[in-house]
Amino acid sequence: MTVRVRIAPSPTGNLHVGTARAALFNWLYARANGGVFIVRSDDTDQERSTAEYEEGILESLRWLGLDWDEGVSVGGPHGSYRQSDRYERYREVARQLIESGAAYYDQRPADELEALRQQAQKEGKHPGHYIRRPDQEFDSGVIRLSIPQDAPIVFDDMIRGSVSFEPRDVDDFVILRTDGIPTYHLASTVDDVDYGITHVARGEDLLPSTPKHILITRGMGAGEPVYAHLPLLFGTDGKKLSKRDDATSLTDFRDAGYLPDAVFNYLCLLGWSIDGETTIFSRDEAVAAFDLADVSKNPATFDPEKLEWMNGEYIRAMDPARFIELVVPFVEDAVGRELDGAELSRFEEISHLVQERTKLLPEAGEQVTFLFTEIDEYDQKSWDKVMTKDGVADVLAAASQRLGTLETWTAEAIEESLRALLAEMEIGVGKGLQPMRVAVTGSSVSPPLFESMAVLGQEKTIARLDTARSLLTG
RNA sequence: GGUCCCGUCGUCCAGAGGCCUAGGACGCCGGCCUUUCAAGCCGGAAACGCCGGUUCGAAUCCGGUCGGGACUGCCA
């Protein structure tokens, strides 16, 4: 039997990391087993679903590198991958469930049901005890599933093992609303049956809903898929990762300068590991080793610091040309304009030094703005720490003078000449170079100085040394 | 309140009765390297929630307890 899995995001927002991780695990399982990965749009919440979000989610999936199987997803074997296009099908199933006695119309008003719920809670019982089929027969209203009370609902979860629910703890839930729109439970389950989904891997938050889905599946006369309930993701504060947190959608990560490979790798590690020793691995390696049964049961806390570290690892390992390609937009963003050809090649000269120092793409831009814009403001802390010491003006003056005589303007030549100068002046290298760094780059933190000067150019380097010196001497 | 799930370093993961004086990674601390910052290298602190039981032997199995979480909608 071919493995067929799916991810069914609701287009009510951007792709959330929790959903992305669920998508990732489904994708891995499909690819690991030569199966099919389907993307479906669970847009039965008509109030909040939009086409823009739907496209955005697909884009994020592509960005992460999770390719889905088009022919069966979009306009697949049973029509559309979009639930809102399949309402007739869900109504048809609801009707069939009524005919077979598995479901019934319920006309009771909302306030009456609410009263039942409160009574149940007061008595410490599940609402299922009360929200049961009324004796009367109706032919309109919501449609509820009638929960068979004869046996517990048991299933074997790939991650959690055997899970069991007593039928009296499951209430007669709504499958079709008054307006004829199916609820999530119905639509999702019918789709899983119609699409021949073999494995349902989803968040653990849906574990309590699983008996409902099993009952619908049985009511349709179909066999149940294998369930695998993934551990939930929590934020750094130990609470469920919410959309209120800063970066929880994939687009946020992309915009912040994260690499899809790093995000992919990191997400894999949230609830799974390749062998307990290896931290950095490729998609192919993950696919080769992945099994849903190996996924951890524990909820995982999303750790932005580790992701950031990992992003740095991927940036450093990247092909230099690729790094330049990716980072130039961020450089231009930091500089505030596009770079011309000459500037571009100057950046390329120094980019390998920037690459080592970058964890997030935008940081690369910040590191090199001094090359392309004049320094109109020195970093205050750097200035206070470095420039207010005795003898700084003399060092700057001497450096300016000495560099002015240099005939070969290369990092090596600059280094040689400056080292010699400082030796003559009997000033330590560290102490002597820092003022020059601040003068030339505007900060005490920068890419390596000699290379920076080399790329900046002789004229500008000397001018900046002079400017800083004159600020000191008044 | 009820139902269900979960419980190894601060965090993620390894561990499927003896290989565990519990391993790897991030972070943290210290050192080396060094023109700053990174990177790199070396070293360190840091965990089996608790109580019983099974067993020659338990992080691993069982029970209880405590703690955390999810669900409890005509939201998904």
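Just so it is clear, the structure is predicted and the values come from calculations on it, not from any experiment. Below, read A as the first sequence line, B as the second, and so on, with proteins coming before strands; counting in each chain starts at 1.
Using a 4.0 Å heavy-atom distance criterion, A:L206 is classed as a base contact. When heavy atoms are screened at a 4.0 angstrom cut-off, A:V142 is found touching base atoms of the nucleic acid. A:S296 comes within contact range of the sugar-phosphate backbone alone, with a heavy-atom separation under 4.0 Å but no base atom that close. Note on A:T44: only backbone sugar-phosphate atoms sit closer than 4.0 angstrom, heavy atoms only; bases stay farther off. If you check every strand for non-hydrogen atoms under 4.0 Å, A:G271 touches sugar and phosphate atoms only. Contact annotation for A:H229: no contact, since no heavy-atom pair falls under 4.0 Å across all strands.
Rounded to the nearest Å, the gap between the P atom of B:G24 and that of B:C41 is 15 Å. Rounded to the nearest Å, the gap between the C1' atom of B:C13 and that of B:G27 is 15 Å. Distance noted for atom C1' between B:U11 and B:G17: 29 Å (whole Å). Between B:A45 and B:U54, the two C1' atoms lie 36 Å apart (nearest whole Å). Distance check on atom P: B:C42 versus B:C6 gives 39 Å, rounded to whole Å. B:U60 and B:G23: their C1' atoms are spaced 15 Å apart (whole Å). One P atom belongs to B:C61, the other to B:C19, and the distance between them is 16 Å to the nearest Å. With C1' as the reference atom, B:G44 and B:C9 are 14 Å apart, rounded to whole Å.
The CD atom of A:E277 sits 14 Å away from the C1' atom of B:C12 (whole-angstrom rounding). Going from atom OH of A:Y266 over to atom C1' of B:C13 covers 11 Å, rounded to whole Å. Rounded to an integer number of Å, the gap from CG of A:L232 to P of B:A70 is 7 Å. A:M436 has its CE atom 9 Å from the C1' atom of B:U35, to the nearest Å. Rounding to whole angstrom units, CG of residue A:D275 and C1' of B:C13 are separated by 10 Å. Remark: C1' of B:G73 and CD of A:Q118 are 13 Å apart, rounded to the nearest angstrom. Atoms CG (A:L15) and C1' (B:A76) sit 15 Å apart, rounded to a whole Å. Between A:E285 atom CD and B:C13 atom C1' there is a gap of 17 Å when expressed in whole angstrom units.
The nucleotide B:G63 finds its pairing partner in B:C51, both defining distances of the Watson-Crick or G-U wobble pair being shorter than 3.5 Å. Pair assignment for B:U3: B:A70, on the basis of Watson-Crick or G-U wobble contacts that are both within less than 3.5 Å. Across all strands shown, B:C32 is found opposite B:G40 as a Watson-Crick or G-U wobble partner, with both distances under 3.5 Å. Shown here, B:C12 forms a base pair with B:G24; the pair counts as Watson-Crick or G-U wobble because both key distances fall under 3.5 Å.
Put simply, A:T301 has a side-chain N or O that comes within less than 4.0 Å of OP1 or OP2 on B:C12. Residue A:R48 places none of its side-chain N or O atoms closer than 4.0 Å to OP1 or OP2 of B:A76.
No cation-pi contact links A:R6 to A:Y195, judged by a cut-off of 6.0 Å to the six-membered ring centre and 45° from its axis.
Using a 30° and 60° split on the angle between ring planes, A:F290 and A:F25 fall in the tilted class, from 30° to 60°. Ring pair A:Y266/A:F302 is perpendicular by interplanar angle, where above 60° counts as perpendicular and below 30° as parallel.
Taking only side-chain atoms of A:S273, from C-beta outward, the nucleotide of B:C74, B:G24, B:C13 with the closest atom is B:C13. The nucleotide whose nearest atom lies closest to any side-chain atom of A:Y184 is, among B:A76, B:U35, B:C12, B:A76.
Toward the 5′ end of RNA chain B lies the nearest nucleotide of A:T278, the other residue of the pair A:T278 and A:R117 mapping further downstream. Of the residues near RNA chain B, A:L307 and A:P231, the one whose nearest nucleotide (by heavy atom distance) lies more toward the 5' end is A:P231.
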Heteroatom pairs (N/O) under 3.5 angstrom, protein to nucleotides 1-6 of chain B:
from : atom 1 : to     : atom 2 : distance (Å)
B:G2 : O4'    : A:G124 : O      : 3.4
B:C5 : O2'    : A:R160 : NH1    : 2.8
B:C5 : O2'    : A:E204 : OE2    : 2.8
B:C6 : O3'    : A:N298 : OD1    : 3.0

Measure all distances between protein nitrogen or oxygen atoms and nitrogen or oxygen atoms of nucleotides 36-43 of chain B, and list the pairs falling under 3.5 Å.
from  : atom 1 : to     : atom 2 : distance (Å)
B:U36 : O4'    : A:Q434 : OE1    : 3.1
B:U36 : O2'    : A:S444 : O      : 2.8
B:U36 : N1     : A:R437 : NH2    : 3.3
B:U36 : O2     : A:S446 : N      : 2.9
B:U36 : O2     : A:S446 : O      : 3.0
B:U36 : N3     : A:R437 : NH1    : 3.3
B:U36 : N3     : A:S446 : O      : 2.7
B:U36 : O4     : A:R357 : NH2    : 3.4
B:U36 : O4     : A:P448 : N      : 3.2
B:C37 : O2     : A:R357 : NE     : 2.9
B:C37 : N3     : A:R357 : NE     : 2.9
B:C37 : N3     : A:R357 : NH2    : 2.9
B:C37 : N4     : A:R357 : NH2    : 2.9
B:A39 : O3'    : A:R316 : NH1    : 3.2
B:G40 : OP1    : A:E313 : OE2    : 3.3

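You'll find the side chain of A:F370 reaches within 4.5 Å of the side chain of A:P447, heavy atoms only. With contacts defined as side-chain heavy-atom distances shorter than 4.5 Å, the pair A:L250/A:V17 qualifies.
Atoms CD and CZ, from A:E54 and A:R82 in turn, are 4.0 Å apart once rounded to the nearest 0.5 Å. With rounding to the nearest 0.5 angstrom, the OG1 atom of A:T408 is 9.0 Å from the CD atom of A:Q458.
Donor-acceptor pairing under 3.5 Å, judged by distance alone, is present between the side chain of A:T178 and the base of B:C74.
Salt-bridge formation is detected for the pair A:R283/A:D261: a Lys NZ or Arg NE/NH1/NH2 atom is positioned less than 4.0 Å from an Asp or Glu carboxylate oxygen.
Under 3.5 Å, the side chains of A:R437 and A:S446 contain a donor-acceptor pair of N or O atoms. Counted by atom type alone, A:Q107 and A:S140 present one or more donor-acceptor pairs between their side chains at under 3.5 Å.
Aromatic ring centres of A:H185 and A:Y90 lie farther apart than the 6.0 Å criterion allows.
In terms of the side-chain hydrogen bond (donor to acceptor under 3.5 Å, both in side chains) criterion, A:R160 has no residue partners (sequence neighbours excluded).
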